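Right, one structure below, let's go through it.
Values below: all heavy atoms of this structure, side chains included; hydrogens, waters and symmetry mates excluded. Note that the coordinates shown come from a computational prediction; the quantities given were computed from them, not determined experimentally. Chain letters run A, B, ... following the sequence lines, proteins first, then strands; residues in each count from 1.
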Amino acid sequence: MTYAEYPVRSTKKQAPGPQEFSDMTVTRFAPSPTGYLHVGGARTALFCWLMAKHNKGKMILRIEDTDQKRNTPTAAQQVMDDLRWLGITWDEGPEVDGPNGPYYQSERRDIYDRYMKQLLEKGSAYYCFDTPEELNALRQEAIAQKKNFAYPRPERFPDEQEVAKAQAEGRPVTVRFAMPNTDIIVHDIVRGAVRFGVDELNDFVIQKSDGVPSYHFACVVDDELMEVSHILRGQEHLMNTPGHIALQDALGFRRPQYAHMSVTISEGGGKLSKREQSKTLRNAIKTMATIDLEKVAEVGGLSADEMATFMANKSNPDAPQISAMAEYLGVHLPEINVIDFLKSGYIPEGMINFIALLGWSPGDDKEIMALDELIQLFDITRLTKSNSLFDRQKLTAFNTEHMKMVAPERLLEHFKRYLAINDLPMGQADDATLAHILTACQGARTLADVAAKCNFLYQDVTGYDPKAIKKVLKKEGVKDILIKIRTALDSLDNWDDDSINKAVEELCTQNDVGMGKIAQPIRVAITGSMVSPSIHDSLVLLGKERTLGRIDQLIEFMDTL
RNA sequence: GAUCCCUUCGUCUAGUCAGGUCUAGGACACCGGGUUUUCAUCCCGGCAACACGGGUUCGAAUCCCGUAGGGAUCACCA
């Protein structure tokens, strides 16, 4: 079948079915390991995974590490950790293996070489010896003429002798793919039929001068060999697709189905990226009146010059430097990477649900969905065409819902991981205590809220919130009440919910006051603030001795008011 | 600049392919009220959109054309 004959029925619902593929749906997530997994990548992975699971197929994880300059050795591991935290698993790939490995492209060189040779022999690809400077000049010329740059394909392709000669002269040797002389129509599940004219199509590089295949080539070869039936990726790849299709045809490969997803935009506008974090930090620094810039630079490990260019909006330091400076200044950076959300106390169930709704919906009013519902309802044809903005407030709302829905044991697991990654003293507590803290904080929006609300358990009261002083302590008769509370609590034989509740209720009736008059002074005494879980939970968690001690401490403080 | 994609409440979206049931539905946010020993949760109510202009049609959010705006891509990066 040629491109033109490929059936076009609807622009959306029915993209043509894969021709020669088995019934098995195979998707793949193919990150390039340059750092932590960010939300955009997580969304792509999620849709690949949902699609595979919904169709009882499989998802492959493939690491696209053909560019040595960009890859860091630990990045692949980080990406896998982040995927696992989200609950996204892969059926084939690193650490689980499978019949089509290896799953690191850097280990597949011999495979690519075979196909490269085939293409060269067929005359579908040819060697080039241009230097970057020459190429650049060509491009400038095209711009000057207001034309699209297209590599000038030679009349006759260089032979092996010329290659050897070029090599001897020290010229770079690359291989370009000779694009066929036809328009190419991409049949996309999301976008329908998209036509690319011959004039737009360019002979692109498929083998770099270091001998490594380019992304385009490796990706096409691997997708065929790994039997990938559906390629889900960001719309930034749409323009690459005609090239990939032509490559598939030249190599006699099958054509997978494509779905180019819309992009996720950040609140500040533009693509969600680290740049947003630099921007937030920079703006925060600018609003700080008294600030020791030298000290900040030192914390971030930047030289004075680097700091200056950063502040002048001319450079963006690396993520660790940004984080170090933000932490030092107490600036909360917008979360970008999956791990940022973990650190901020979001749980994977909430993240997954929220991300799934960025560019997809089940078609009715259903929004809060557990993982198995998501799998059951997922339908690739329902992907939205337009870009969507990442709204953290809505994420928080979803997180709140899932905090209530998740099984207690699971929430406990998430909580322990949260405490560990933030290295909080609460992490030393035993499971029973943590479980109690969690139930005492039902309704919390994030795990960070839980930790903050119960932080008083792990920290002495060193002062009192001015608002608490004004609203609670400076009221008539508080000191007397406090003394009565102390006496009542001291006399309790059992330190449990019932006894504490009963004691507090009795204090209310005896003194003819409402709950607030008793509960609030206690709260201020034990936390120094006006926020804590219910009184009975707070007191049980704190223990009798410490409770009484903190009440004494407050009674003493009352005299200084 | 060229090419491609997109456009419904502030935001995520349902509805568009098969035009009437849409005085456009839901959710988050926001505003107002209520429950609660604080915070959070929870409950009730409110505000709020078919980008614009032309067609086609008895009838347009839905089909066609144009305009405007936004995004993506234009690498020996993936």
Which whole number of Å gives the distance between the C1' atom of B:A60 and that of B:G15?
-> 13 Å
May I ask you to say what A:Asp449 touches in the nucleic acid, namely base, sugar-phosphate or nothing, with a heavy-atom cut-off under 4.0 Å?
-> nothing
Please check if any side-chain donor atom of A:His260 sits under 3.5 Å from a side-chain acceptor atom of A:Arg233, or the reverse.
-> yes
Under 4.0 angstrom between A:Ser214 side-chain N/O and B:A75 OP1 or OP2 = no
Would A:Phe47 and A:Phe378 count as a close aromatic pair, with their ring centres under 6.0 Å?
-> yes
With both distances kept under 3.5 Å, what pairs with B:G46, Watson-Crick or G-U wobble?
-> B:C30
Could you let me know what B:A51 is paired to, Watson-Crick or G-U wobble, both distances under 3.5 Å, or none if it's on its own?
-> B:U67
In whole angstrom, give me the gap between the C1' atoms of B:C58 and B:C52.
-> 26 Å
Does the base of B:C76 carry an N or O that pairs as donor and acceptor with the side chain of A:Thr174 under 3.5 Å?
-> no
I would like to know whether A:Met351 and A:His402 meet side chain to side chain contact (heavy atoms under 4.5 Å, CB included); could you show each step before the answer?
-> CA-CA 9 Å; A:Met351 288 285 298; A:His402 279 91; over 6 Å; no
Say you pick atom P in B:G26 and the same atom in B:A72; how far apart are they, in whole Å?
-> 33 Å
Any side-chain heavy atom of A:Val175 sitting closer than 4.5 Å to one from A:Val205?
-> no
Applying a 3.5 Å limit to both distances, which nucleotide forms a Watson-Crick or G-U wobble pair with B:G19?
-> none
Base-pairing assignment for B:U57 (Watson-Crick or G-U wobble, both under 3.5 Å) | none
Decide if atom NZ of A:Lys208 counts as having more than 12 heavy atoms of other residues, nucleotides or ligands within a radius under 6.0 Å.
-> yes
Less than 6.0 Å separating the ring centroids of A:Phe390 and A:Phe341?
-> yes
Sugar-phosphate, base or nothing in reach of A:Leu358, heavy atoms under 4.0 Å = sugar-phosphate
Look at all strands and tell whether A:Glu401 reaches a base, only sugar-phosphate, or nothing, counting heavy atoms closer than 4.0 Å.
-> sugar-phosphate
Base, sugar-phosphate, or nothing for A:Gly197, non-hydrogen atoms under 4.0 angstrom?
-> nothing
RNA chain B nearest-nucleotide lookup for A:Ala519 and A:Val194: closer to the 5′ end is A:Val194
Pairwise P distance for B:G66 and B:A27, with rounding to whole Å | 39 Å
Counting only side-chain N and O atoms of A:Ser388, is one of them less than 4.0 Å from OP1 or OP2 of B:C12?
-> no
P spacing across the pair B:C39 / B:G33, given as an integer number of angstrom = 15 Å
A:Pro31 near the nucleic acid: base, sugar-phosphate alone, or nothing, with a heavy-atom cut-off under 4.0 Å?
-> nothing
Within the structure shown, what part of the strands sits under 4.0 Å from A:Glu367 by heavy-atom distance: base, sugar-phosphate, or nothing?
-> base
Looking only at side-chain N and O atoms, does A:Lys385 come under 4.0 Å of OP1 or OP2 in B:C6?
-> yes
Between A:Arg139 and B:G1, does any side-chain N or O lie under 4.0 Å from OP1 or OP2?
-> no
When only distance counts, do a donor and an acceptor, one from the side chain of A:Lys453 and one from the base of B:A40, lie under 3.5 Å apart?
-> no
Are A:His187 and A:Tyr258 close enough that their ring centres sit under 6.0 Å apart?
-> no
Provide the distance between the two C1' atoms, one in B:G25 and one in B:A49, to the nearest whole Å.
-> 12 Å
Looking only at atom C1', what distance separates B:U57 and B:C4, rounded to whole Å?
-> 32 Å
Upstream residue (5' side of RNA chain B) when A:His216 and A:Ser534 are each assigned their closest nucleotide = A:Ser534
Contact under 4.0 Å: A:Arg382 side-chain N or O vs B:A14 OP1/OP2 = yes
Under 4.0 angstrom, heavy atoms only, what part of the nucleic acid is A:Lys517 near: base, sugar-phosphate, or nothing?
-> nothing
Describe the nucleic acid contact of A:Thr396 in one word from base, sugar-phosphate, nothing, applying a heavy-atom distance below 4.0 Å.
-> nothing
Watson-Crick or G-U wobble partner of B:A40, both distances under 3.5 Å | none
B:U37 and B:C31: how far apart are their C1' atoms, nearest whole angstrom?
-> 27 Å
Under 4.0 angstrom, heavy atoms only, what part of the nucleic acid is A:Asp130 near: base, sugar-phosphate, or nothing?
-> base
For A:Arg176, report the nucleic acid contact type (base, sugar-phosphate, nothing); a contact means any heavy atom under 4.0 Å.
-> sugar-phosphate
Assigned partner base of B:C74, Watson-Crick or wobble definition, under 3.5 Å | B:G1
